[in-house]
Number of protein chains: 2
Amino acid sequence: MSDPEWRTVRPVRTHEQVLTQIQQKILDGRLRVGDRLPSERELGEALGVSRNSVREALRVLESMGILSAQVGSGRDAGSTVAGRSTAALSNLLRLHMALSQFSQNDLVDVRIELERLAVARAAAGADVGDLERLRALTRAMAEPGMDYERFHELDSEFHIALARASDNALATDLMQALRDAVKGEMIAAFRRVRDWDVMVSTLTEEHLAILRAVEAGDGKEAAELVTRHIKGFYAAVGDAQE
Amino acid sequence: MSDPEWRTVRPVRTHEQVLTQIQQKILDGRLRVGDRLPSERELGEALGVSRNSVREALRVLESMGILSAQVGSGRDAGSTVAGRSTAALSNLLRLHMALSQFSQNDLVDVRIELERLAVARAAAGADVGDLERLRALTRAMAEPGMDYERFHELDSEFHIALARASDNALATDLMQALRDAVKGEMIAAFRRVRDWDVMVSTLTEEHLAILRAVEAGDGKEAAELVTRHIKGFYAAVGDAQE
DNA sequence: GGTAGCCTGTGGTTGGACCATAAGCACTGG
DNA sequence: CCAGTGCTTATGGTCCAACCACAGGCTACC
């Protein structure tokens, strides 16, 4: 035959079949968050494959944040459907970034867009609790004697809280993953800052301004502020982003 | 002690240690795309763990698109660092979407922002080849007798080509992953359209308008057009996104 | 009634065996 | 000399059988 796909006929590996079966159950809604899977041994027997192959599939799903495994006996033991995405996402992004699949620049641009989306939505209708949390974070960041690690943590929390206030779970998770993936570079950038105290107060002021715009319901202004906030920072540390 | 982290002392599993070692090598730049890893057996011996544990780690990395495994002997055999992110990303997103971690709405909103970023950047400086490819795709979409699957494919290619023209690899991959994750819903939405031919010509017209704006270097206009393009579609199929 | 200790189910880990595949290599026949 | 053919070897793919550690439930003993 003239079929050009002769060479591509890779046999489907066993653990991939197991993977497909479980994934299909999730996609069909037959498996939902909190559900418990059969034990590795049962699963292997049911699918006619070895426990090793089952384990490989389960480990993959676990690395994706889809499953969580617990040893022991009783209700909580075994593999249960988890649905925690951020750690898996950030890990994935970080590794691919290290492999130069994406540049720091790419990442910053995407981050800006996500943050714009977040603040615009947050301004449109943020929860009272979210706003209170944001205020508390700005207060915490204004405290004197802030070190790099601690400030980064609060800074991240502020931006993520902003995203959470936008009520878009995907944007929130993505942003958290992106921030997580560049955490190391971020702290390194902090260290390069000449006048740290000035930087802290500048950033904190900007946070306050963003928060005020959100509280005022001015999404457009908040989006502009957050854009300048991010671009300004990268300009100041002279890294990526002209 | 008052340390509340008593219960969280889960022992690190063997395959996680292997995973960490390899990931660290990638993060440090000691492993790059194209590099070949030792064989599973060697790796196990070197790290003092069983081959099974090594395999679990490798399968995880493979599922992340970081590695690719080939049987046999010679140069190409064994595990090599791959760096293909889109399939892994879309798989991850699709599953978490099925687990209701994100709604279709979330996804559309993020997509809009990514597309806005893409067209704005593309307008700022698209490659001649990219533009030619985009023109070819609009021509292909205008051909009569387009079925759902085929149109979706061309539509996706158009938007991804747009992203590629933006020269932001992360945005491109994310967009492709997002589109991939909702492919099924998308085609289902197509089927619900009453007058398919009208829909096709409308969408194709909009694509042309976006392309013209990009060619003219008008990023702002292109961004607006693409936003209306996406929102208009979802409004027309009466699904998600008011 | 409480508690200590056994029982059982679960993931975690190991070692060994065998298979299929694909490349390299040596032999052999033209 | 060269081409083909089969052996060798390195690799991932798969399975099995066993053992461990842990956690919850159960039971028997005090």
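The sequence lines fix the lettering, A, B, ..., with proteins before strands; numbering per chain opens at 1.
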When you compare the side chain of A/His207 with that of A/Asp155, does any pair of heavy atoms fall below 4.5 Å?
yes
Interatomic distance, [X] [atom1] vs [N] [atom2] [rounded to whole Å]:
| X | N | atom1 | atom2 | value |
| --- | --- | --- | --- | --- |
| B/Gln70 | C/dA20 | CD | C1' | 14 Å |
| A/Leu67 | C/dT10 | CG | C1' | 15 Å |
| A/Glu62 | C/dT10 | CD | P | 17 Å |
| A/Glu40 | D/dA17 | CD | P | 17 Å |
| B/Glu45 | D/dG12 | CD | C1' | 17 Å |
| B/Asp76 | D/dG12 | CG | C1' | 14 Å |
| A/Leu37 | C/dG9 | CG | P | 19 Å |
| B/Gln17 | C/dT14 | CD | P | 9 Å |

Phosphate contact ([N] OP1 or OP2) by [X] side-chain N/O below 4.0 Å:
| X | N | value |
| --- | --- | --- |
| A/Arg55 | C/dG12 | yes |
| A/Ser53 | D/dC15 | yes |
| A/Arg51 | D/dT14 | no |
| B/Thr14 | C/dT13 | yes |

Between B/Glu16 and B/Arg13, does at least one N-O distance fall below 4.0 Å, as a salt bridge requires?
yes
Pairwise 5' ranking along DNA chain C for B/Glu16 and A/Ala77, keeping only the more 5' one
A/Ala77
Select from B/Arg59 and A/Gly74 the residue whose nearest nucleotide in DNA chain D is closer to the 5' end of that strand.
B/Arg59
Nearest-nucleotide 5' precedence on DNA chain D, B/Asn52 against B/Glu42:
B/Glu42
Can you see whether B/Ser85 engages B/Asp173 through a side-chain donor-acceptor pair at a distance of less than 3.5 angstrom?
yes
Are B/Arg179 and B/Ser156 linked by a side-chain donor-acceptor pair shorter than 3.5 Å?
yes
Please tell me which of the listed nucleotides, [options], lies nearest to the side chain of [X]?
| X | options | value |
| --- | --- | --- |
| A/Arg41 | D/dG12, C/dA22, C/dG11 | C/dG11 |
| A/Ser79 | C/dG11, D/dT14, D/dT9 | C/dG11 |
| B/Val49 | C/dG12, C/dA22, C/dT14 | C/dT14 |
| A/His15 | D/dT14, D/dC15, C/dT14 | D/dT14 |
| A/Ser50 | D/dG24, D/dG13, D/dC16 | D/dC16 |

So with a 6.0 Å cut-off around CZ of A/Arg30, is the heavy-atom count from everything else above 12?
yes
